[in-house]
Amino acid sequence: MSANASMEEFEALLNESFEIDTPNEGSVVKGKVIAVEAGQAIIDVGYKMEGRVDLKEFASPGEQPDIHPGDEVEVYLRQVENARGEAVISREMARREEAWDRLEKAYADENRVEGAIFGRVKGGFTVDLGGAVAFLPGSQVDVRPVRDAGPLMGLKQPFQILKMDRRRGNIVVSRRAILEESRAEQRAEVIAKLNEGDAVDGVVKNITEYGAFVDLGGVDGLLHVTDMAWRRVNHPSEILSIGETVKVQVIKINKETHRISLGMKQLQDDPWDTVEAKFPIATVHTGRVTNITDYGAFVELEPGVEGLVHVSEMSWTKKNVHPGKIVSTSQEVEVMVLEIDTAKRRVSLGLKQTMRNPWEQFAETHPEGTVVEGEVKNITEFGLFIGLENDIDGMVHLSDLSWDQRGEDAIQNYRKGDVVKAVVLETDVEKERISLSVKALDDSFTEAVGGVKRGSIITVTVTAIEDGGIEVEYEGAKSFIRRSDLSRDRSEQRPERFQVGDKVDVRVTNVDQKTRRLGLSIKAREIAEEKEAVEQYGSSDSGASLGDILGAALKGDK
């Protein structure tokens, strides 16, 4: 065998051995630590190759490297040989490759992975997952927003992988998912022990407009503002403060949503149990105004028992006024119990019932015919409204303004604010109405016809002749005698047989004070005279004729 041939063979063998033994660049290889010097570990990776790795690559963030000569480690071979004839190796990259394999498996199996938060970046934090770096978004740090993540830095703790992309080297993790899971387990455990109706102690964690959240030892319950006390509570902070321990009753547990409703008032006696006994209907009590609305005012009779004074029960006289103009919040008022509905937990109260009905009072003190005085409050198309005592009004109808003028004309003489006298005609307490009359003040008619009664014979003067009869006057009071009343004899029922200025004797058939009219009749006088004559001079038995009787009567007159 020539030297040449053996040389070629040796070369081929050598190349073969290199092909077999020399690992590929870019793969993870096993090596042995030969020495530790100047902050580096010298590692023999076999194949007559050595490389150096910074010691810090062997430690997790914040920990000391634990590496000694003789240790076996896996490293990443980046380059077989550099200018110094050394292999370029990296422990960090080996860890990364190793970590990615491990993490991908955990992600596929939905398992938790361990890691430590080591840095802050925009929008979150960086987490070392034992060789691979992941991103922890700020929203995934905790169940509630975290102001200071300092205490969490460098702690070994579990994370859940949300997303992975090996090609881009992206991993997104969450700490919150794990906390929620453990909280859910804890909640389930606490809720399993709770029963509706249980009285438990809790700590007030948070207060809102509508209630408070109470921690029952790992699980929160909502104590609604309406369940804090039997009385009206405007804001929960009136009763509770954060951090306070309170005794509450479990009202409801929703097994699906794990929502717990709590109550405090349920542990106290319900004041409504004794309302009917304490506040009988028609009794008067002193209460405090707690709330005013458009339709009335709420009055607290005792803590937990409120009644409503409806706007219609507030005042006898102020009808279309906002309740806030009559009472004010926190004012003490006297009210009467009008109605109780225990089922609906409602009490109807009256404010005006504690004061006397002003119409009743007026009727007592001002009987019909009394003269009153007041200011014109309002002028309407049907009359005047006059202000009377106790804020009540009386009305003078158009027809009661004047004897001589039409109402529409008479009302023109009045202005708002004028002080007017009037006579009380009628007081209707039920309808809250007082009827007044101005014209009734004029009693000249009464004076004129003072002695005249129905049946009297009086002498009148003819003032006008008309087709339908004659107009006559008596002491300044005018009357009209209709054609049919001018004589009992039909042929004599002619107005033209009279003349203006004639004096005529008539019989009074009616005295009407309201219309200031006398009802007069000549016919009635004649009939009355005839009747009288018959009574005096004749008898139906004597057979005397009417002519005889009248003749005798006339002779008697002479």
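Residue numbers run from 1 in the order of the sequence given.
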| request: Kindly compute the distance separating NE2 (H224) from CE (M264), expressed to the nearest 0.5 Å. | output: 14.5 Å
| request: List for me each residue that meets side-chain hydrogen bond (donor to acceptor under 3.5 Å, both in side chains) alongside K377, sequence neighbours excluded, and say none if there are none. | output: none
| Rounded distance [0.5 Å steps], CZ in F159 versus CD in E114 | 9.0 Å
| query | Strictly by modelled atom types, are E313 and Q353 linked by a side-chain donor-acceptor pair under 3.5 Å? | reply | yes
| query | Does some side-chain heavy atom of I326 sit less than 4.5 Å from a side-chain heavy atom of L351? | reply | yes
| Between OG of S348 and CD1 of I340, what distance do you get to the nearest 0.5 Å? | 9.5 Å
| message | Taking side chain to side chain contact (heavy atoms under 4.5 Å, CB included) as the definition, give me every residue that meets it alongside D418, ordered by chain and number, with sequence neighbours left out. | response | V376, Y414, R415, V420
| note | Applying side chain to side chain contact (heavy atoms under 4.5 Å, CB included) to M395 and not counting sequence neighbours gives F382, F385, H397
| For T126, side-chain hydrogen bond (donor to acceptor under 3.5 Å, both in side chains) partners two or more places apart | none
| With sequence neighbours excluded, what pairs up with F125 under the side chain to side chain contact (heavy atoms under 4.5 Å, CB included) test? | I117, R120, L136, V141, A149, M153
| task | Indicate the atoms forming the closest heavy-atom contact of D428 with K431, along with that distance. | result | OD1-N, 3.1 Å
| request: Indicate yes or no: at least one non-hydrogen side-chain atom of L338 is less than 4.5 angstrom from one of I281. | output: no
| request: Hey, could you give me each pair passing side chain to side chain donor-acceptor pair (under 3.5 Å) that has a residue in residues 379-392? Not counting sequence neighbours. | output: none
| query | Passes side chain to side chain contact (heavy atoms under 4.5 Å, CB included), V173 versus Q160? Steps please. | reply | CA-CA 5 Å; V173 292; Q160 192 81 39; over 6 Å; no
| CG of L240 to CD1 of I207: how many Å apart, nearest 0.5 Å? | 5.5 Å
| Does E244 reach the main-chain N or O of S241 with its side chain, forming a donor-acceptor pair under 3.5 Å? | yes
| task | Taking all heavy atoms of V289 and all of S328, pick out the closest pair and write down the distance. | result | CB-O, 3.5 Å
| Straight-line distance of I392 CD1 to Q361 CD, nearest 0.5 Å | 8.5 Å
| Taking all non-hydrogen atoms of both residues, which atom of G387 and which atom of D393 are closest, and how far apart? | CA-OD1, 3.6 Å
| Between Q140 and R175, is any pair of side-chain heavy atoms under 4.5 Å apart? | no
| task | Could you check F298 against V309 for side chain to side chain contact (heavy atoms under 4.5 Å, CB included), going step by step and ending with a plain yes or no? | result | CA-CA 6 Å; F298 287 92; V309 181; over 6 Å; no
| field | For P323 against I292, the heavy-atom pair lying closest together | value | CB-CG2, 4.0 Å
| said: Looking at T342 and R345, would you say the former's side chain and the latter's main chain have a donor-acceptor pair under 3.5 Å? | reply: no
| request: Only counting residues at least two apart or in another chain, list the ones meeting side chain to side chain contact (heavy atoms under 4.5 Å, CB included) with L398. | output: L401, E408, I411
| Contact check, side chains of M228 and L223, non-hydrogen atoms, under 4.5 Å | yes
| remark: In terms of heavy-atom contacts, I239 and A229 come closest through CD1-CB, 4.0 Å
| note | For residues 277-294, the side chain to side chain donor-acceptor pair (under 3.5 Å) pairs (sequence neighbours left out) are K278-E302, T283-H285, R288-E300, T290-E306, D294-H322
| salt bridge (Lys or Arg N to Asp or Glu O under 4.0 Å) partners of E432, counting only residues at least two apart | K319
| request: Hey, could you give me each pair passing ring-ring contact (aromatic ring centres under 6.0 Å, His included) that has a residue in residues 339-366? Not counting sequence neighbours. | output: F362-H366
| remark: By side-chain hydrogen bond (donor to acceptor under 3.5 Å, both in side chains), K247 pairs with (sequence neighbours left out) D201
| said: Does any part of the side chain of Y107, heavy atoms only, come nearer than 4.5 Å to the side chain of I171, both counted from C-beta? | reply: no
| Non-neighbouring partners of E364 that pass salt bridge (Lys or Arg N to Asp or Glu O under 4.0 Å), sequence neighbours left out | R356
| task | Evaluate the side-chain proximity of V337 to V335: yes if any heavy-atom separation is below 4.5 Å, no if none is. | result | no
| message | Please evaluate residues L262 and L222 with respect to the criterion side chain to side chain contact (heavy atoms under 4.5 Å, CB included), reporting the C-alpha separation (whole Å), side-chain torsions for both, the decisive distance (0.1 Å), and the verdict. | response | CA-CA 6 Å; L262 305 171; L222 173 64; over 6 Å; no
| said: Just so I know, are the side chains of V127 and F135 near enough to count as touching, which here means a heavy-atom distance under 4.5 Å? | reply: no
| message | I'd like to know if the side chain of K205 reaches the main chain of A212, judged simply by a donor and an acceptor atom lying under 3.5 Å from each other, with no hydrogens or angles considered. | response | no
| Closest heavy-atom pair and its distance - D400, V396 | O-CG1, 3.9 Å
| E339, CD: over 12 other non-hydrogen atoms inside 6.0 angstrom | no
| field | Pairwise side-chain contact, L425 with L436, heavy-atom cut-off 4.5 Å (strictly under) | value | no
| message | Return the OG to NZ distance between S174 and K163, rounded to the nearest 0.5 Å. | response | 12.5 Å
